[in-house]
Structure formats: C-alpha cells, structure tokens
J.: 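So that we are looking at the same thing, I have put the structure below in structure tokens.
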Protein chains: 2
Amino acid sequence: MARVTSFDIAALAGVSQPTVSRALSGNPAVSAETRARVFAAAEALNYKVDKNASNLRRQATRTLALLFFEDPAPGETQINPFFLSMLGAITKRCAVAGYDLLISFQQLSGNWHVDYEDARRADGLILLGYGNYLEYLPRLEQLVQQGTHFVRWGSLRPGQLGTTIGSDNLGGGLAATRHLIERGRRRIAFIGTANEGAPEFLDRCEGWRAAQAEAGLVADPALMRAANSSEEEGYAAARDLLAAGAAFDAIFCVSDLVAIGAMRALAEAGRHVPDDVAVVGFDDQPAASLTSPPLTTVAQDARHAGTVLVETLLDRLRGEIPSPQALPARLVVRGSS
Amino acid sequence: MARVTSFDIAALAGVSQPTVSRALSGNPAVSAETRARVFAAAEALNYKVDKNASNLRRQATRTLALLFFEDPAPGETQINPFFLSMLGAITKRCAVAGYDLLISFQQLSGNWHVDYEDARRADGLILLGYGNYLEYLPRLEQLVQQGTHFVRWGSLRPGQLGTTIGSDNLGGGLAATRHLIERGRRRIAFIGTANEGAPEFLDRCEGWRAAQAEAGLVADPALMRAANSSEEEGYAAARDLLAAGAAFDAIFCVSDLVAIGAMRALAEAGRHVPDDVAVVGFDDQPAASLTSPPLTTVAQDARHAGTVLVETLLDRLRGEIPSPQALPARLVVRGSS
DNA sequence: CCAACAAAGGCATACGTATGCAGCCACAGG
DNA sequence: CCTGTGGCTGCATACGTATGCCTTTGTTGG
C-alpha cells in the first residue's frame, strides 16, 4: 500500500513533480511528448491524485453536501420514496460535474450539527426534506451570513433566502381540484397540514381553494382536516371527517400516503371509491398505482428536480444568481376519480 | 469569508498552533485551563478544522463511501425502498461514529468510475444494491489486491472476498414455503431469477426447494419462472405460468414487486387470492400492506442491516476480521396466504 | 553572428494540520 | 543546594499538490 505520489511518476517519466501536475491537469505549457510520457507513467503506477492534498492546495473541495431533513416522527419513519429518486439524480449530476456528494441525514428537532462544518467540507449545500420550515429558517440566515452557497427544495415565496427550487404546488392543487370539479364533484374535502410551517402543503391547499372559487364554489372549512405526510394521519383524518357526518363527494389529499390512508378509512366505512367519494393524491409514488382503485395523483418529476437542484447550485458557485424555479406538476388520472 | 485557521485561534488564546491542535483533539497533555481558553477562542471565531489538511496530515479521512449499484434497466427504474431505509440507518451510524459518508450511484454495466479509495477520499467502502454479482466480482478482486477495506450487502457464501452481510435468504425462503405447506398448499410455484448472478434470489429459491423436500413434496421445475425484481416481470411470469396451464395453488415470489405483478396477473385471469392461489413475497416493502389482499411476505430489517454494515466496516478498519453475518428474515403473514 | 523572444520545464513555496522531539518550569528527594 | 522527574508547551517538519517565477534551450530576425 505504499502511496504512489506525483514524485514517483515524475521520477518514472524523467521530469519534475510540477510538470506531472501540469501535464495531468491539461496545462498547455507542457509539450505533447512530455504529456504522453507522464500519462504513461501514471497509468503504469496506477496513480491517482490525492484529493485531500489537491483540495488543500486549491482551497476548494469539489464536493457538495446534501442535508436531508427527516421528519422528527418517533421510530421508523417511512421515508418518502420521492426523495430517493431525487437522490439518485443528484448523485448522478454531481458525478457528471466532477463533484463528490456528502450526505447527511438530519433530525430537524435535534441539533443541526453540521452547519458550519459541512459548509467547510463542501463548496455548496443542498437542503432537502420535509419538516417545519419556520424551524430551520434561522439556520438559513446563518448560512447566508457565512456566505455559504445553498439551494433548497421547497415552496417558492418572494424574498426567500438562497435559491429555492420546488414543484408548482399551487398549480398541482389547482389541476387536481379542477379535475374533480369537471368530474362533477361539488363537495370537495381537503386533508393535509396547511400552515406556514409546511409551505408546500399550504400552496396545494391554496390551489384547492382557488379552483373552487373559479367555479363559483366555496371551499368549506368544515371539510378540512390536518394530517402530516403519513398514512396513519391520513386514515385518522378521513375517519374524523366521516364521523363528523359532513357530506362530501371527493377528497384532495396533500400526499399519496395520506390518500392511501384516507382510502382505507373510506373502505372501512363502506364508501366506494370513486363512486361515492373520489380521491386524489400528490407525488405519484410507486405505491399510487397499486391501490385499488389506482390513485389519481399529481406527479412530480423527482429525477428532473434533483438535476435542477444540482445545476442551480453549480450556477451559484460560478457566481451567477439563479432565479427560483417552479417545476411542473402534472395530473395523472387513474381509477380513484 | 477570510479563512479561520488554527493559527488564528492560537493567537487569540495566546498559545501555539500545535497546542490548539492538541487541545481540540483531546490530547491529555494539554492542561485543563489551556484547553478551556482554546475552546473559547475556537468558539468565538467559529473555527472548524480543515478536513483536507487534517486528512492529508493524518493519512486517513474518517469518511466512508457508499457505492450503490443500480440495475442497468433502461430509463426510470423503480429503486427498491428497502435500500432507502438502509441508507438512512447507514448515514446515522456513520454520524454517530464520527464518519462522513460519500455516496455514489453506479451503473453496474458502465465503468466503475469512482475510485474513492485510490483518491484517498474514503477509508472504506460499502457496496450495496442489486445487479449481477458475477459482473462485479473482478472489481472486488481489485479492491482486495489494493488492500481496500469493504463490506458488501449480498448473499453469504463460503470463500467470498471481503466481508459480506446479508439477510438469511435461505431461511426466509424456507419459512415462506413451510408456511404455504402448512396452509395446505401442495403445488407451489416459484417466480424469480435464480442463478449465480443473483445469489440472494438463488438462496430464496433453494429455501423453496428444501421446504418442499422436508414435506415429502417435489419442487416442480415446470412451476418455475424467471423474473428480476420488477412488477412488470412478475406480471409477465405469472401470465406465462397461467398460459402454460400448469396447476398450482400458491406462488412464492422472490420480491414484493414481483408478487404485486403476479397478483395483478392472477386478478386478470379471475383467480382469487388467496382462495385459488396463495401468494407470498419477500422484502416487506411499504407497498406490501397496500395490496388487496395485503401481501404475506418475508420481512428484512433494513435499518438494522444498515447499522450492521457500518459497524462491520469499522471493525475491519480497526484491523479486526469480522465474520460474514446473516440477518434474520421474518415471515409476516397477511391476507394473501 | 548576435540579440530578442517564445517555449518548456525546473525551483521554491504555500495550503492547514498533526506529531516527534526538545525545552522549560516547578516540585520533590537526597 | 543540586539533581531528577514529570507535566506542559513550543519548535520544526511532513503530508502531496498546484502555481508563480525564473532558467534553460532553441528559434528567428536584423
């Protein structure tokens, strides 16, 4: 395991160490012949640049860090598969750009133990996941003060810190609710947490409200129930809705998981989907097409989102000031509506 | 963004740079009083160790790299949620141990383009994912020759390279098939690719065979169909089985996805689950409890698996030679059997 | 035939940290 | 009062690379 350094290959190629460095990095001041000798020697000794030394010298890491915020739910939380696809796209885009990716799962409730540390190990940060937005706002301010570059997956609002990329949640909520109205539904319930702590969900809720207003309908507060993005809460919320005795012929759910839970509650109560109640979810998770009936939902392109996140961050690192960007959310109609 | 170095905090604390280094790393040769001054100064200037410099000096990175092998299927493959839970557990265990985690998604078919170890970016490797085992065997040999430490998620076999951790696939296959036999099934089909390229699946198949042998039954080759871990292939395999006209009253599927596809084919053919045909899957993915009827399956504890992987790798790094380990696979009985 | 110039590569050094070694000081034992 | 010992800290240096600057060599024009 004797370390192969640039000196070794310099000796083999009969040149100096700096020449090796220049040759390998494509510096044009090196003659073609010398370059060839250097490459041959490097190949022969299986030489690889020591990134620690290289980064130290160049004062850059060529590494991005991904901070994933998990819901602080106790025990085994079911992580959203949406983010996994995103993760795949992110790693790929990083690899293509020659960046490494450092990943860290964060408990939002606990200490945000990375902040400065990761800011130093990486050239830029990608912030991802669900959780109370207000809770980590102070951290974002901190990052901005440090001059740390970061992009965030979330809901677009004016005057936000850093660059935010997110789905067109409002548009998705509009599309879903318009669809239900077109199908003749008039009493549309909404299940999902809608407050400033979860801006994505708030936007989807706003779409629900606006689509009804367009059609001359009134979004009935009595048909709203809170639920975070879990099946259990969706189930509980739907049961509560049923128990309250309110009349409704459709539910727009803030996520597929919630919708799946709601459908379970409906089935138990003997309500048929979609004849009695139509259900629409959000995300288009793999599980969405497995329910019976298959779930109508609003699809977000996770892989595209991941790619955009990385590209936006790289833009920032290059000194550009990329604008926030809303990615299309597309209605996928299946059997549940 | 002027860089804060250990010299800065040395100046502020009125000591030398080496003393700062020692104080921060907990070297007992530093007096408590000095240590306190150093910590105060570091806190005041928000100093964080430069890991590039530190790693370079110490010739160790305190970083692990995770190589995730994706199936080389074209387009948007549906990544197994099982691995996401595992990923979460891995990152957590790394954080606890003070290690960072680099992640890279690899196309098994393409070049293995990351050389974290060569580039001194990571102290050890975790290899994960599905794919043809035989295809990356040469790479493993390469790693061993370089003296690289790695652990692998896969199937345990005698004489394997590195340390392998995996589920008790044989035991899981046995449990699943015994369960079907106890339920009175006598003609049990198997859907799944069973060859040396996918050793996990081969083991599960062997469980299917052995359980029948125990009961004096014969595993009928006519009831076997190949399918990789996708719903589509499960669907196609089950259709093929039905078309062949073979009599069977149960199917043991190599994964939940395959089972879900198979159940779809059965439903289309008018076969009732579980009355006509019992179905058992493998993995206990979240989707497994959503099917109708809910899927009986063999659960693997992904989070535990991730933890064990990291701990095993850390053992290796400490110079121990950990044994391969098979983690329990537990039958979860639901409505499909 | 000499000066001017370009091309190519070597020399020296800096990046920030960790650690072997030596030095200093205080205190205790003789 | 001198020497030995141990606790603490400073000095010097090395990790491997990248780059500014200078030297060398070869070429060209006057």
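Reminder, nothing fancy here: chain letters follow the sequence lines and each chain counts from 1. Note that the structure is a prediction, hence the values are computed from the model and not measured.
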J.: Look at the side-chain N and O atoms of A/Gln59 and state whether any lies under 4.0 Å from the OP1 or OP2 oxygen of C/dG16.
T.: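 So the side-chain polar atoms of A/Gln59 do come within 4.0 Å of the phosphate oxygens OP1 or OP2 of C/dG16, strictly under.
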J.: So if I take every side-chain heavy atom of A/Phe7 and compare against C/dG10, C/dA18, D/dT17, which nucleotide ends up nearest?
T.: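 Nearest nucleotide to the side chain: D/dT17.
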J.: If you fit an axis to the five pairs at each end of the helix from C/dC1-D/dG30 to C/dG30-D/dC1, how big is the angle between those two axes, to 10 degrees?
T.: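 The two end axes of the helix from C/dC1-D/dG30 to C/dG30-D/dC1 meet at 50°.
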J.: Residues in side chain to side chain contact (heavy atoms under 4.5 Å, CB included) with B/Leu327, at least two apart?
T.: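 Side chain to side chain contact (heavy atoms under 4.5 Å, CB included) list for B/Leu327, sorted by chain: B/Trp153, B/Ile165, B/His304, B/Ala305, B/Val308, B/Gln325.
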J.: Under the side-chain hydrogen bond (donor to acceptor under 3.5 Å, both in side chains) test, which residues partner B/Ser31, sequence neighbours left out?
T.: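 B/Ser31 satisfies side-chain hydrogen bond (donor to acceptor under 3.5 Å, both in side chains) with B/Thr34 once adjacent residues are dropped.
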J.: What pairs with A/Thr312 under side-chain hydrogen bond (donor to acceptor under 3.5 Å, both in side chains), at least two apart in sequence or on another chain?
T.: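 If we apply the side-chain hydrogen bond (donor to acceptor under 3.5 Å, both in side chains) test to A/Thr312, skipping adjacent residues, there are no hits.
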J.: Establish, from distance only, whether the side-chain atoms of A/Thr61 and A/Asp123 form a donor-acceptor pair under 3.5 Å.
T.: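 A pair is found: one side chain offers a donor N or O, the other an acceptor, under 3.5 Å apart.
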J.: Pairs in or reaching into residues 147-160 of chain A: which pass salt bridge (charged side-chain N to carboxylate O under 4.0 Å, His left out), with residues at least two apart or in two chains?
T.: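 Counting only pairs at least two positions apart or across chains, the salt bridge (charged side-chain N to carboxylate O under 4.0 Å, His left out) contacts touching residues 147-160 of chain A are A/Arg157-A/Glu196, A/Arg157-A/Asp203.
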J.: Rounded to whole Å, please give me the gap between NZ in B/Lys51 and P in C/dA18.
T.: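 Interatomic distance, NZ of B/Lys51 to P of C/dA18: 10 Å.
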J.: Mind checking side-chain hydrogen bond (donor to acceptor under 3.5 Å, both in side chains) for B/Glu320 and listing every partner two or more places apart, or none if nothing turns up?
T.: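 B/Glu320 satisfies side-chain hydrogen bond (donor to acceptor under 3.5 Å, both in side chains) with no residue once adjacent residues are dropped.
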J.: For B/Tyr99 versus B/Leu314, what's the shortest heavy-atom pair and its separation?
T.: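 Answer, listing the atom of B/Tyr99 first, then B/Leu314: CE1-CD2, 3.6 Å.
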J.: Under 3.5 Å, is there a donor on one side chain and an acceptor on the other for A/Gln300 and A/Ser167?
T.: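 On atom types as modelled, these side chains qualify, holding a pair under 3.5 Å.
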J.: Look for any protein N or O under 3.5 Å of an N or O in nucleotides 23-27 of chain D and output each such pair with its distance, or none.
T.:
none

J.: Given A/Leu309, which partner from the list A/Val151, A/Leu64, A/Thr164, A/Thr163 fulfils the side-chain contact (heavy atoms from CB on, under 4.5 Å) test?
T.: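 It is A/Val151, the one option of A/Val151, A/Leu64, A/Thr164, A/Thr163 that forms the side-chain contact (heavy atoms from CB on, under 4.5 Å) with A/Leu309.
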J.: If you compare all heavy atoms of A/Tyr47 against all heavy atoms of A/Leu24, which two are closest, and at what distance to 0.1 Å?
T.: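 Taking every non-hydrogen atom into account, CE2-CD1, 3.5 Å.
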J.: At what distance, to the nearest 0.5 angstrom, does CG of A/Leu67 lie from CG of A/Leu128?
T.: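 Atom-to-atom, A/Leu67:CG and A/Leu128:CG are 9.5 Å apart.
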J.: Assess whether side-chain contact (heavy atoms from CB on, under 4.5 Å) is satisfied between A/Arg303 and A/Lys92, documenting all intermediate values.
T.: CA-CA 10 Å; A/Arg303 301 192 66 83; A/Lys92 285 225 177 84; 3.4 Å; yes
J.: Name the closest nucleotide to the B/Arg57 side chain, picking from D/dG16, C/dG16, D/dA12.
T.: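 Within the option list, the nearest is C/dG16.
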J.: Nearest to the side chain of A/Ser16, which nucleotide is it out of C/dT17, D/dA18, C/dG10?
T.: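 Given the options C/dT17, D/dA18, C/dG10, the side chain of A/Ser16 is closest to C/dG10.
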J.: Between atom CG in A/Leu24 and atom P in D/dT17, what is the gap in whole Å?
T.: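 Spelled out: CG on A/Leu24 to P on D/dT17 is 9 Å.
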J.: Would you kindly give the CG-to-P distance between A/Asn55 and D/dC15, to the nearest whole Å?
T.: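 Value for this atom pair: 19 Å.
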J.: Pick base, sugar-phosphate or nothing for B/Ser21, based on heavy-atom distances below 4.0 Å to the nucleic acid.
T.: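 Base, at least one base atom sits under 4.0 Å.
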J.: If I take atom CD in residue B/Gln17 and atom P in nucleotide C/dG20, what distance separates them, rounded to the nearest angstrom?
T.: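 Those two atoms, CD and P, are 15 Å apart.
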J.: From C/dG9, D/dG16, C/dT17, pick the nucleotide closest to the side chain of A/Thr19?
T.: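 Of all the options, the side chain of A/Thr19 is nearest to C/dG9.
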J.: Go through C/dG16, D/dA18, C/dT17 for me and flag the one nearest to the A/Leu56 side chain.
T.: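 Comparing C/dG16, D/dA18, C/dT17 against the side chain of A/Leu56, the answer is C/dG16.
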J.: A/Glu33: what forms a salt bridge (charged side-chain N to carboxylate O under 4.0 Å, His left out) with it, not counting sequence neighbours?
T.: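 Salt bridge (charged side-chain N to carboxylate O under 4.0 Å, His left out) list for A/Glu33, sorted by chain: A/Arg37.
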J.: Give every donor-acceptor pair under 3.5 Å between a side-chain atom in residues 8-18 of chain B and any protein atom, sequence neighbours left out.
T.:
unit_1	atom_1	unit_2	atom_2	d
B/Asp8	OD2	B/Thr5	N	2.9
B/Ser16	OG	B/Thr19	OG1	3.1
B/Gln17	NE2	B/Ser6	OG	3.4

J.: If you compare every side-chain N and O of A/Ser54 against the phosphate oxygens of D/dA18 (OP1, OP2), does one of them come in below 4.0 Å?
T.: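 For D/dA18, OP1/OP2 do have a side-chain N/O of A/Ser54 under 4.0 Å.
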J.: Could you check how far CZ of B/Arg62 sits from P of C/dT17, rounded to whole Å?
T.: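 Answer to the nearest Å: 17 Å.
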J.: Please report the distance, rounded to the nearest Å, between CG in B/Asp50 and C1' in C/dT17.
T.: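 Atom-to-atom, B/Asp50 to C/dT17, this comes out as 8 Å.
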J.: Applying salt bridge (charged side-chain N to carboxylate O under 4.0 Å, His left out) as the test, list every pair that has at least one member in residues 305-317 of chain A; sequence neighbours left out.
T.: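 Of all non-adjacent pairs touching residues 305-317 of chain A, those that pass salt bridge (charged side-chain N to carboxylate O under 4.0 Å, His left out) are A/Arg93-A/Glu311, A/Asp315-A/Arg318.
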J.: Would you jot down, in residue-number order, the residues of residues 27-38 of chain A having a non-hydrogen atom under 4.0 Å from DNA chain C?
T.: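 Heavy-atom cutoff 4.0 Å gives A/Ala29, A/Val30, A/Ser31, A/Thr34.
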J.: Could you pull out the protein-nucleic contacts involving nucleotides 21-23 of chain C (nitrogen or oxygen on both sides, under 3.5 Å)?
T.:
none

J.: I want to confirm an ordering. Mapping B/Ala53 and B/Val15 to their closest nucleotides on DNA chain D, which one lands closer to the 5' end?
T.: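 Checking each residue's closest nucleotide, the 5'-ward one belongs to B/Val15.
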